[in-house]
Trainee: 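Below you will find the structure I want to go over with you.
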Amino acid sequence: MSALTGILYAALIAYLGGWYTGYWSGNFSLLLFILTVVTLAYWLAERFHFAPARERAAARLSEADAQRRAALSAQGIARVDGDVEGARQEVLRQPWWLDWTAGLFPVILIVFLLRSFLFEPFKIPSGSMVPTLLVGDLILVNKFHYGVRLPVINKKIIANNDVQRGDVMVFRYPEDTSLDFIKRVVAIPGDEVAYINQRVYINGQAAPLQPQGDFYDEDSRAYRPHFLEKLGEKEHQILVDPRREPLFRADRRDGPFPYQDNCRYSPEGVRCTVPAGHYFVLGDNRDNSRDSRFWGFVPDENIVGKAFFVWMNFGSLKRIGSFN
């Protein structure tokens with residue numbers, strides 16, 4: 001068993017090393033599920049086989065010592081050298097391969113349950129959500145807000161709140177579901193949404209905008225027009241770049257996306273009808289974001305959860321707190 005455990009740890013290190021160096025993309029949910037199952041198997045083996053076997057061996061050792069002492073006592077020898085207790089503790093000691101598998105099961109199980117059904121940490125990797133979220137923000141995602149989903153397969157089994165316009169949502173990227181993206185929900189199923197001349201329109205109505213002056217965008221190292229936008233009942237900040245042209249269709253990297261016929265592109269922007277079970281999302285940094293304008297709609301089965309809290313930014317502790 002120690003050799004098998006060594007092989008399993010070597011495979012884990014190789015997998016993580018290849019993931020870290022970019023040789024392949026990893027799936028942390030699947031990895032955590034496999035670790036939970038493997039450590040559970042070791043925990044069950046320890047509880048029902050290995051630990052009882054060690055206890056029986058220790059009991060036999062104590063019994064043999066007691067018989068030896070009784071035999072010597074019958075011969076009139078009252079004082080017997082040697083203490084079996086040290087040997088008993090050595091027999092009862094859990095070997096390293098069980099300590100590093102069965103011993104880790106409770107911790108891994110708790111992490112798996114918390115991450116799968118309650119909250120998941122997420123790091124902001126790009127500036128697409130500036131000014132709401134900055135590069136380096138460590139955020140929490142509420143996994144049960146939109147419903148309870150089975151881990152790994154992401155199958156919803158219990159419905160909860162509906163997705164609302166203005167929600168900041170984490171989802172699996174439709175073009176590569178091994179990647180998680182974060183954007184703001186702009187339109188829900190059945191909406192006609194348009195992004196024309198850097199302005200959002202929902203069902204023919206322009207989303208209200210209030211100028212907020214200029215914002216210094218560290219990515220572009222330039223000041224950008226800063227607005228307060230309202231979607232439904234939610235207000236949030238956005239950035240636009242008047243120098244950018246709406247080349248959404250021309251910028252597409254891949255072929256047609258599902259329901260692309262629901263969208264009409266023009267030199268001024270794009271207009272789409274959101275299909276059932278899908279959502280149209282945008283980055284708050286409107287001219288520095290690849291989003292539904294480029295790769296289409298987010299299907300409901302890709303939803304990971306609702307982002308709601310910055311729990312750490314090592315470069316700026318004042319970033320800690322909730323956000324819209």
Side-chain angles (χ1 to χ4, degrees), residues 1-55 57 89-126 128 133-144 149-155 170-182 301-305 307 309-315:
M1 289 297 291
S2 61
L4 174 62
T5 305
I7 292 172
L8 290 176
Y9 263 101
L12 175 62
I13 293 171
Y15 175 78
L16 293 175
W19 186 1
Y20 179 78
T21 55
Y23 280 98
W24 49 73
S25 62
N27 185 325
F28 189 73
S29 295
L30 178 60
L31 175 62
L32 196 57
F33 175 73
I34 293 173
L35 288 176
T36 304
V37 171
V38 171
T39 55
L40 170 61
Y42 275 88
W43 183 84
L44 291 173
E46 162 69 358
R47 183 178 178 87
F48 296 106
H49 176 69
F50 293 114
R54 293 197 304 273
E55 290 169 0
Q89 294 302 319
E90 190 65 27
V91 170
L92 289 171
R93 181 178 300 168
Q94 193 177 60
W96 71 267
W97 51 271
L98 279 172
D99 188 33
W100 283 85
T101 50
L104 294 177
F105 169 68
V107 176
I108 293 176
L109 177 64
I110 290 172
V111 173
F112 175 71
L113 293 176
L114 287 175
R115 189 182 184 277
S116 298
F117 300 108
L118 296 178
F119 303 106
E120 179 179 349
F122 185 83
K123 183 178 180 180
I124 301 301
S126 71
S128 70
L133 296 170
L134 305 183
V135 176
D137 281 348
L138 302 175
I139 67 171
L140 286 178
V141 177
N142 187 326
K143 298 293 290 285
F144 62 87
R149 297 173 183 265
L150 293 176
V152 182
I153 63 175
N154 215 39
K155 174 71 174 177
V170 173
F171 54 91
R172 294 183 296 165
Y173 180 34
E175 293 185 341
D176 182 357
T177 55
S178 67
L179 302 176
D180 288 338
F181 268 32
I182 181 168
E301 59 266 24
N302 283 35
I303 293 176
V304 173
F309 193 84
V310 176
W311 64 270
M312 178 57 70
N313 184 311
F314 293 103

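Side chains included, hydrogens not; waters and symmetry mates left out as well; all remaining heavy atoms used. Bear in mind the structure is a predicted one, so any value in this text is a computation, not a measurement.
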Trainee: Identify the heavy atoms of Tyr42 and Leu8 that sit nearest to each other, and give their distance.
Mentor: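 Closest pair (atom of Tyr42, atom of Leu8, distance): OH-CD1, 3.7 Å.
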Trainee: So, for Ala57 and Val91, which heavy atoms are closest and what is the spacing to 0.1 Å?
Mentor: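 So the two residues come closest at CB-CG1, 3.7 Å.
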Trainee: Which heavy-atom pair separates Leu92 from Glu55 by the least distance, and what is that distance?
Mentor: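 Heavy-atom minimum between the residues: CD2-CA, 3.8 Å.
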Trainee: Tell me the closest heavy-atom pair linking Phe122 and Asp180, and the distance in Å.
Mentor: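 Looking at all heavy atoms of both residues, the closest pair is CE1-CB, 3.5 Å.
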Trainee: Could you list the donor-acceptor pairs under 3.5 angstrom formed by side chains in residues 96-114, with sequence neighbours left out?
Mentor:
residue, atom, partner, partner atom, Å
Thr101, OG1, Trp97, O, 2.4
Thr101, OG1, Leu98, O, 3.4

Trainee: Are side-chain heavy atoms of Asn154 and Asn302 found at a separation under 4.5 Å?
Mentor: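 When only atoms from C-beta onward are counted, Asn302 and Asn154 do not touch, as no gap falls below 4.5 Å.
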Trainee: Measuring from atom OG of Ser178 to atom CH2 of Trp19, what distance do you get when rounded to the nearest 0.5 angstrom?
Mentor: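 It comes to 9.5 Å.
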Trainee: Donor-acceptor pair, distance only, cut-off 3.5 Å: does the side chain of Thr39 make one with the backbone of Thr36?
Mentor: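 Here the side-chain-to-backbone pair exists.
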Trainee: What pair of heavy atoms forms the shortest contact from Ser29 to Val152, and how long is it?
Mentor: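 Minimum heavy-atom separation between Ser29 and Val152: O-CG2, 3.8 Å.
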Trainee: Which heavy atom of Gly136 sits nearest to which heavy atom of Asn313, and what is that distance?
Mentor: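 Heavy atoms only, the tightest pair is C-ND2, 3.6 Å.
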Trainee: Looking at side-chain heavy atoms only, is the closest gap between Leu118 and Lys143 below 4.5 Å?
Mentor: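 Answer no - side chains too far apart.
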Trainee: How about Leu12 and Leu31: do any of their side-chain heavy atoms sit closer than 4.5 Å?
Mentor: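 Touching, per the 4.5 Å side-chain cut-off.
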Trainee: Just by distance, do the side chain of Arg172 and the backbone of Glu301 share a donor-acceptor pair under 3.5 Å?
Mentor: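 Such a contact is found between Arg172 side chain and Glu301 backbone.
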Trainee: Answer yes or no: is there a side-chain heavy-atom contact under 4.5 Å between Leu30 and Phe28?
Mentor: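 Contact flag for Leu30/Phe28 side chains = no.
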Trainee: Taking the side chain as every heavy atom from C-beta outward, state whether Pro174 and Phe181 have any pair of such atoms under 4.5 Å apart.
Mentor: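 No, too far: nothing below the 4.5 Å cut-off.
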Trainee: Is the shortest side-chain heavy-atom distance between Asn142 and Phe119 below 4.5 Å?
Mentor: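 Yes, at least one pair of side-chain atoms sits under 4.5 Å.
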Trainee: Can you find a pair of side-chain heavy atoms, one from Met312 and one from Pro121, that are under 4.5 Å apart?
Mentor: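 They are not in contact (no side-chain heavy atoms under 4.5 Å apart), so the answer is no.
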Trainee: Quick check on Phe309: does its CZ atom have over 12 non-hydrogen neighbours (other residues, nucleotides or ligands) under 6.0 Å away?
Mentor: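 Above 12, so yes.
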